[in-house]
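Working notes for the structure below.
Atoms considered below: every heavy atom in the structure, side chains included; atoms not considered: hydrogens, waters and symmetry mates.
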Amino acid sequence: MSEASTIFDKIIAREIPADIVYENDDCLAFHDIQPQAPVHVLVIPKRRIENVASLQDGDSEIAGKLLLAVGHVARQLNLAETGYRVVANCGADGGQSVDHLHLHVLGGRQMKWPPG
Ligand code: DGP
């Protein structure tokens with residue numbers, strides 16, 4: 001686990017504002033500040049985990065809860081019927097810019113493949 005605090009810790013602590021769409025005991029979801037689709041939400045664990053690569057065997061519960069939170073957000077924002085994309089950028093080549101695990105939920109338009 002990374003020891004370095006990130007901007008997402010400040011969002012979790014309500015020290016900076018975010019457009020929060022869903023929250024439970026373990027996860028927080030809020031609109032991305034630089035949306036890449038009509039709907040672009042980030043789903044994060046409240047506990048700091050650096051990225052997918054740093055998940056440990058003991059993190060299986062929070063990993064599952066993150067995916068369940070994605071499903072909840074998608075239903076809440078009416079993406080479930082039309083579909084959406086879930087992305088986890090990991091590390092430098094993955095394009096990760098915030099070192100706090102987050103799942104991008106992108107929807108509201110037709111996604112393309114391959115991604116850039
Ligand atoms: P990534 O590149 O996968 O690490 O994605 C990080 C995302 O976080 C990026 O799409 C922009 C978003 N982001 C960065 N800072 C903030 C912030 O202060 N507020 C919000 N809502 N999103 C942020």
Side-chain angles (χ1 to χ4, degrees):
M1 188 177 90
S2 170
E3 296 303 318
S5 173
T6 75
I7 194 82
F8 290 174
D9 289 292
K10 292 186 167 57
I11 290 174
I12 293 164
R14 274 35 176 207
E15 291 171 7
I16 65 167
D19 188 357
I20 293 169
V21 295
Y22 176 73
E23 179 174 21
N24 61 30
D25 287 347
D26 306 291
C27 306
L28 188 68
F30 50 91
H31 287 281
D32 195 293
I33 205 168
Q34 297 172 315
Q36 303 300 314
V39 178
H40 186 172
V41 168
L42 302 174
V43 180
I44 70 172
K46 290 183 176 177
R47 176 164 64 86
R48 194 181 313 144
I49 298 169
E50 186 172 359
N51 56 28
V52 169
S54 65
L55 284 167
Q56 305 294 310
D57 288 345
D59 294 324
S60 58
E61 187 172 351
I62 188 62
K65 285 181 173 179
L66 278 176
L67 286 176
L68 291 171
V70 165
H72 191 101
V73 167
R75 288 188 294 276
Q76 183 179 321
L77 299 180
N78 299 314
L79 298 177
E81 289 284 322
T82 49
Y84 54 95
R85 180 168 291 172
V86 182
V87 174
N89 296 328
C90 183
D93 277 3
Q96 184 176 7
S97 61
V98 178
D99 290 336
H100 184 128
L101 177 61
H102 49 283
L103 300 179
H104 297 256
V105 181
L106 299 140
R109 66 168 169 81
Q110 178 65 58
M111 296 298 150
K112 296 182 173 61
W113 195 263

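- Of all non-hydrogen atoms in Gly91 and Asn51, the two that sit nearest each other are N-ND2, 4.0 Å.
- Annotation: salt bridge (charged side-chain N to carboxylate O under 4.0 Å, His left out) contacts involving residues 102-116, sequence neighbours excluded, are absent.
- Between Arg47 and Asp59, the shortest heavy-atom distance links the atoms NH2-OD1, 2.9 Å.
- Val87 belongs to a hydrophobic cluster whose remaining members, ordered by chain and number, are Leu106, Met111; membership requires side-chain heavy atoms of ILVMFWY residues under 4.5 Å apart, directly or through intermediates.
- In Gln110, the CD atom is not crowded: 12 or fewer heavy atoms of neighbouring residues, nucleotides or ligands sit closer than 6.0 Å.
- The shortest distance between side-chain heavy atoms of His100 and Pro45 falls below 4.5 Å.
- For the pair Gln36 (side chain) and Gln34 (backbone), a donor-acceptor distance under 3.5 Å is present.
- Applying the salt bridge (charged side-chain N to carboxylate O under 4.0 Å, His left out) rule to Lys46 yields the partners Glu23; only residues at least two apart in sequence or on another chain are considered.
- By the side-chain hydrogen bond (donor to acceptor under 3.5 Å, both in side chains) test, Tyr22 is found to be paired with Asn24, residues two or more places apart in sequence or in another chain being considered.
- In this structure the side chain of Val105 never reaches within 4.5 angstrom of the side chain of Val39, judged on heavy atoms.
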Enumerate, atom names and distances included, each donor-acceptor pair closer than 3.5 Å involving a side-chain atom of residues 66-79, sequence neighbours excluded.
unit_1: Arg75; atom_1: NH1; unit_2: Gly71; atom_2: O; d: 3.4
unit_1: Gln76; atom_1: NE2; unit_2: Val21; atom_2: O; d: 2.5

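- With sequence neighbours left out, the side-chain hydrogen bond (donor to acceptor under 3.5 Å, both in side chains) criterion links Glu61 to Lys65.
- Applying the ring-ring contact (aromatic ring centres under 6.0 Å, His included) criterion to His104, with sequence neighbours excluded, gives His40, His102.
- Not counting sequence neighbours, Glu81 has no partner by the side chain to side chain contact (heavy atoms under 4.5 Å, CB included) test.
- Taking all atoms of both residues into account, the shortest heavy-atom contact from Ile62 to Cys27 is CD1-SG, 4.3 Å.
- The backbone N or O of Ser54 lies less than 3.5 Å from a partner atom in the side chain of Gln56, making a donor-acceptor pair.
- Considering CG of Asp99 and OG of Ser5, their distance stands at 11.0 Å, rounded to 0.5 Å.
- More than 12 heavy atoms of other residues, nucleotides or ligands lie within 6.0 Å of CG in Asp19, so this atom counts as buried by the packing criterion.
- Cluster note: Ile11 groups with Ile7, Phe8, Ile12, Ile16, Ile20, Leu28, Phe30, Leu42, Ile44, Val98 through ILVMFWY side-chain heavy atoms spaced under 4.5 Å, whether in direct contact or through intervening members.
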